[in-house]
Amino acid sequence: MIHHVQLACPPGSEDALRAFYSDVLGFEEIAKPPVLAARGGCWFRGHGIELHIGVEQDFRPARKAHPGLLVDNLDVWAARLSTAGYDVAFDDDFPGMRRFYSQDCHGNRLEFLQPLT
């Protein structure tokens with residue numbers, strides 16, 4: 001069982017992270033332990049997953065590695081991202097799943113999946 005997924009961000013980008021993960025995707029920001037909060041970044045929880053976004057001094061977005069987020073109402077998620085100005089690229093190559101790829105505010109790849117029923 002996975003407790004959380006870690007993504008990276010550039011230093012000083014917490015406001016952009018909050019705008020994306022809380023405002024666009026609807027995650028709740030959760031408090032980091034004080035010793036870890038001093039390092040920067042943000043933690044989020046919601047939709048059955050916990051995401052930790054940590055500061056990386058020499059940040060480069062993860063363009064291949066990514067979390068796969070299992071969601072209901074895939075089209076609603078795609079519309080949310082598109083409305084907020086993020087690209088959405090549907091891909092039919094995963095048997096039994098509908099899915100699309102997008103990216104967060106720093107270019108980290110995100111995959112959204114919904115089982116075919």
Side-chain angles (χ1 to χ4, degrees):
M1 178 176 288
I2 294 175
H3 178 270
H4 68 273
V5 173
Q6 172 92 26
L7 295 171
C9 67
S13 64
E14 289 81 3
D15 287 343
L17 294 169
R18 289 179 184 105
F20 181 78
Y21 285 98
S22 291
D23 298 345
V24 175
L25 295 185
F27 283 84
E28 176 187 349
E29 184 173 2
I30 57 174
K32 292 177 69 172
V35 68
L36 298 177
R39 300 178 189 173
C42 299
W43 289 4
F44 299 93
R45 181 182 296 141
H47 314 293
I49 190 168
E50 194 166 300
L51 297 171
H52 295 182
I53 296 97
V55 171
E56 194 170 89
Q57 293 301 321
D58 188 23
F59 171 74
R60 288 185 316 234
R63 300 208 185 274
K64 183 69 174 174
H66 61 274
L69 306 173
L70 192 60
V71 299
D72 292 324
N73 303 312
L74 190 70
D75 295 317
V76 170
W77 286 91
R80 258 177 138 160
L81 285 155
S82 292
T83 299
Y86 293 91
D87 292 335
V88 170
F90 278 88
D91 178 325
D92 295 328
D93 294 338
F94 193 150
M97 294 283 188
R98 287 189 66 224
R99 71 175 176 173
F100 69 82
Y101 292 99
S102 192
Q103 66 284 327
D104 73 6
C105 55
H106 297 305
N108 291 309
R109 187 179 198 186
L110 303 172
E111 179 181 9
F112 295 80
L113 305 103
Q114 180 179 3
L116 292 172
T117 55

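In terms of the side chain to side chain donor-acceptor pair (under 3.5 Å) criterion, H47 has no residue partners (sequence neighbours excluded). A84 pairs by the side-chain contact (heavy atoms from CB on, under 4.5 Å) definition with V24, Y86, not counting sequence neighbours. Every side chain to side chain donor-acceptor pair (under 3.5 Å) that D15 has, sequence neighbours left out, goes to R18. Scanning for side-chain contact (heavy atoms from CB on, under 4.5 Å) contacts around A16 gives C105, H106, with sequence neighbours left out. Take R45 and apply the side chain to side chain donor-acceptor pair (under 3.5 Å) test, not counting sequence neighbours, and it matches E50. With sequence neighbours excluded, the residues forming a ring pair (Phe, Tyr, Trp, His ring centres under 6.0 Å) with F44 are Y21, listed by chain and number. With sequence neighbours left out, the ring pair (Phe, Tyr, Trp, His ring centres under 6.0 Å) criterion links F112 to W77, F100.
Counted within 6.0 Å of CZ on F90, heavy atoms from surrounding residues, nucleotides or ligands total more than 12; the atom is thus considered enclosed.
Residues L113 and L110 fall into different hydrophobic clusters, defined by Ile, Leu, Val, Met, Phe, Trp and Tyr side chains chained together at heavy-atom separations under 4.5 Å. Y101 and I49 fall into different hydrophobic clusters, where Ile, Leu, Val, Met, Phe, Trp and Tyr residues are linked whenever their side-chain heavy atoms come under 4.5 Å apart, directly or through other members. Residues V5 and L17 fall within the same hydrophobic cluster, defined by Ile, Leu, Val, Met, Phe, Trp and Tyr side chains chained together at heavy-atom separations under 4.5 Å.
In the hydrophobic clustering, V55 connects to no other residue, as no ILVMFWY side-chain heavy atoms lie under 4.5 Å from its own. In the hydrophobic clustering, where aliphatic and aromatic side chains (Ile, Leu, Val, Met, Phe, Trp, Tyr) are joined below 4.5 Å either directly or transitively, L116 stands alone. Under a 4.5 Å side-chain heavy-atom cut-off, the cluster of Ile, Leu, Val, Met, Phe, Trp and Tyr residues that includes W43 is completed by I30, V35, L36.
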What pairs of donor and acceptor atoms, side-chain ones from residues 58-67 against any protein atom, are under 3.5 angstrom apart with sequence neighbours left out?
unit_1: H66; atom_1: ND1; unit_2: K64; atom_2: O; d: 2.7
unit_1: H66; atom_1: NE2; unit_2: E111; atom_2: OE1; d: 2.7

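Residues C9 and G41 approach most closely at SG-CA, 4.5 Å, considering heavy atoms. The nearest pair of heavy atoms linking C42 to E29 is SG-OE2, 3.8 Å.
Although no hydrogens or angles enter the test, the distance criterion places no donor-acceptor pair under 3.5 Å between the side chain of E56 and the main chain of A8. Between the side chain of K32 and the backbone N or O of A38 there is no donor-acceptor pair closer than 3.5 Å. At least one donor-acceptor pair closer than 3.5 Å links the side chain of S102 to the backbone N or O of D87.
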query = When you look at N108 and F20, which way does the side-chain contact (heavy atoms from CB on, under 4.5 Å) test go after all the steps?
reply = CA-CA 12 Å; N108 291 309; F20 181 78; over 6 Å; no

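Side-chain atoms of L25 and L81, non-hydrogen and from C-beta on, do get closer than 4.5 Å to each other.
Legend: side-chain hydrogen bond (donor to acceptor under 3.5 Å, both in side chains) pairs involving residues 88-98, not counting sequence neighbours, sorted by first then second residue: D75-R98, D91-R99.
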